[in-house]
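Basis for what follows: all heavy atoms, side chains included, without hydrogens, waters or symmetry-related copies. Counting convention: from 1, in listed order, for ligands and their atoms alike.
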Amino acid sequence: MSKTMPSMSRCSPEKPNIVRYTYLSVWGVSIALSVGQVVWAEDLQPKQSSSSYQMVTGDDLEDGRNRWDALYRRRNYVYGREPAAFLKENIHLIPAGRALDVASGEGRNAVFLAKKGFVVDAIDISEEALKKARRLAKENHVTIKTIAADLNQYPLKTDYYEAIVVINFLDRKMIPLLKKALKRGGHIIFESYTIEQTQNPGGQALLRGDLLSHEELKNLFKEYKVLLYRESNDQKSAVASLIARKP
Ligand SMILES: C[S@@+](CC[C@H](N)C(=O)[O-])C[C@H]1O[C@@H](n2cnc3c(N)ncnc32)[C@H](O)[C@@H]1O
């Protein structure tokens, strides 16, 4: 975790900032090569959940919060208004109840859950994202509770949620805290990029520590009852997806 921005969490363990900046620059250049013009990370317009931008899920650059705010301020719905396909396709497996959307961004998943009858807390470090989440909720005639907070510092209630959703965000040290916040019998719905993403267009510059290794996600929840686990790669997005129940 970056020492200069201890409050900002995301994908990977210890990496000096110079490595991060180098990484992002290399990544920007690789995107530039692929599209034939110079495009910096913050100028990319993610088009859908499989876009290259999302490979840098939750990055903890020193000014990460400002970058997320700037991205969300400048763009329309960066990740779209539709929920992640994995969540939408499998919502029938999850009984409605109190849900936490972790690093919720602009609320596409939180609003979907609310429409399905969940009582939703949506946490994100970016107030700009949460403004859009509230707008999306209003447009859909549902209510969500938005919490602008750094997940590393926000005290999640113990045994509180019936469902916890994590989409395109990976901070391994958060896992024990999420487990504590989940009620017995509650469900975790988790999807994030795997190391195979480095083989997809735009993914070559990604750091392996920021990505899930083979079977890692399942092992992170090994004491849980797995309802669904898969690793997939459609040549755009290589992800691991899990739904599991807390014993
Ligand atoms: C790739 S986006 C995913 C957004 C959302 N889950 C979705 O699928 O649309 C990652 C999100 O993590 C948030 N984030 C990064 N670090 C965070 C932290 N320490 N605490 C809370 N949110 C954080 C960013 O603001 C951003 O909205």
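Within ligand 1, the atoms closer than 4.0 Å to a non-hydrogen atom of N109 are 7 (C), 8 (O), numbered from 1 in the order shown. Distances below 4.0 Å separate heavy atoms of S104 from the following atoms of ligand 1: 5 (C). Atoms of ligand 1 lying under 4.0 Å from any heavy atom of I167, numbered from 1 in the order shown and given with element: 3 (C), 5 (C), 6 (N), 8 (O). Less than 4.0 angstrom separates some heavy atom of N168 from each of these atoms of ligand 1: 1 (C), 3 (C), 10 (C). Each of the following atoms of ligand 1 lies closer than 4.0 Å to a heavy atom of A103: 3 (C), 4 (C), 5 (C), 6 (N), 11 (C), 12 (O), 13 (C). For ligand 1, the atoms sitting less than 4.0 Å from at least one non-hydrogen atom of I125 are 14 (N), 17 (C), 18 (C), 19 (N), 20 (N), 21 (C), 22 (N), 23 (C), 25 (O), numbered in the order shown with element in parentheses.
Heavy-atom distances between A149 and ligand 1 reach below 4.0 Å in at least one pair. Contact annotation: A84 has no heavy atom less than 4.0 Å from any atom of ligand 1.
Neither the backbone nor the side chain of V166 comes within contact range of ligand 1; no heavy atom lies under 4.0 Å. When heavy-atom distances to ligand 1 are checked against a 4.0 Å cut-off, A129 has no atom that comes that close, whether in backbone or side chain.
Using a 4.5 Å heavy-atom threshold, the side chains of L71 and R67 count as separate. Two residues are said to be in side-chain contact when any heavy atoms from C-beta on lie closer than 4.5 Å; D159 and K246 meet this criterion.
With sequence neighbours excluded, the residues that form a side chain to side chain contact (heavy atoms under 4.5 Å, CB included) with S241 are F86, E191, R230, V239. For R245, the side chain to side chain contact (heavy atoms under 4.5 Å, CB included) criterion is met by H187, K225, L227, not counting sequence neighbours.
Considering backbone and side-chain N/O atoms, R108 comes within less than 3.5 Å of an N/O atom of ligand 1. The shortest N or O to N or O distance between V102 and ligand 1 is not under 3.5 Å. Looking at ligand 1, you won't find any N or O of I123 less than 3.5 Å from one of its N or O atoms.
By the 6.0 Å and 45° rule, K88 does not stack over the aromatic ring of F112. Because its NZ or CZ atom is both nearer than 6.0 Å to the ring centre of Y77 and within 45° of the ring axis, K132 counts as a cation-pi partner of that residue.
Side chains of Y229 and E231: a donor-acceptor N/O pair is present below 3.5 angstrom, by distance only. Counted by atom type alone, Q197 and N200 present one or more donor-acceptor pairs between their side chains at under 3.5 Å. N168 and Y193 are not linked by any side-chain donor-acceptor pair at a separation below 3.5 angstrom, with hydrogens and angles left out of the test.
Of all the listed residues (Y72, F169, Y79, Y193), Y79 holds the heavy atom that lies closest to atom 1 (C) of ligand 1.
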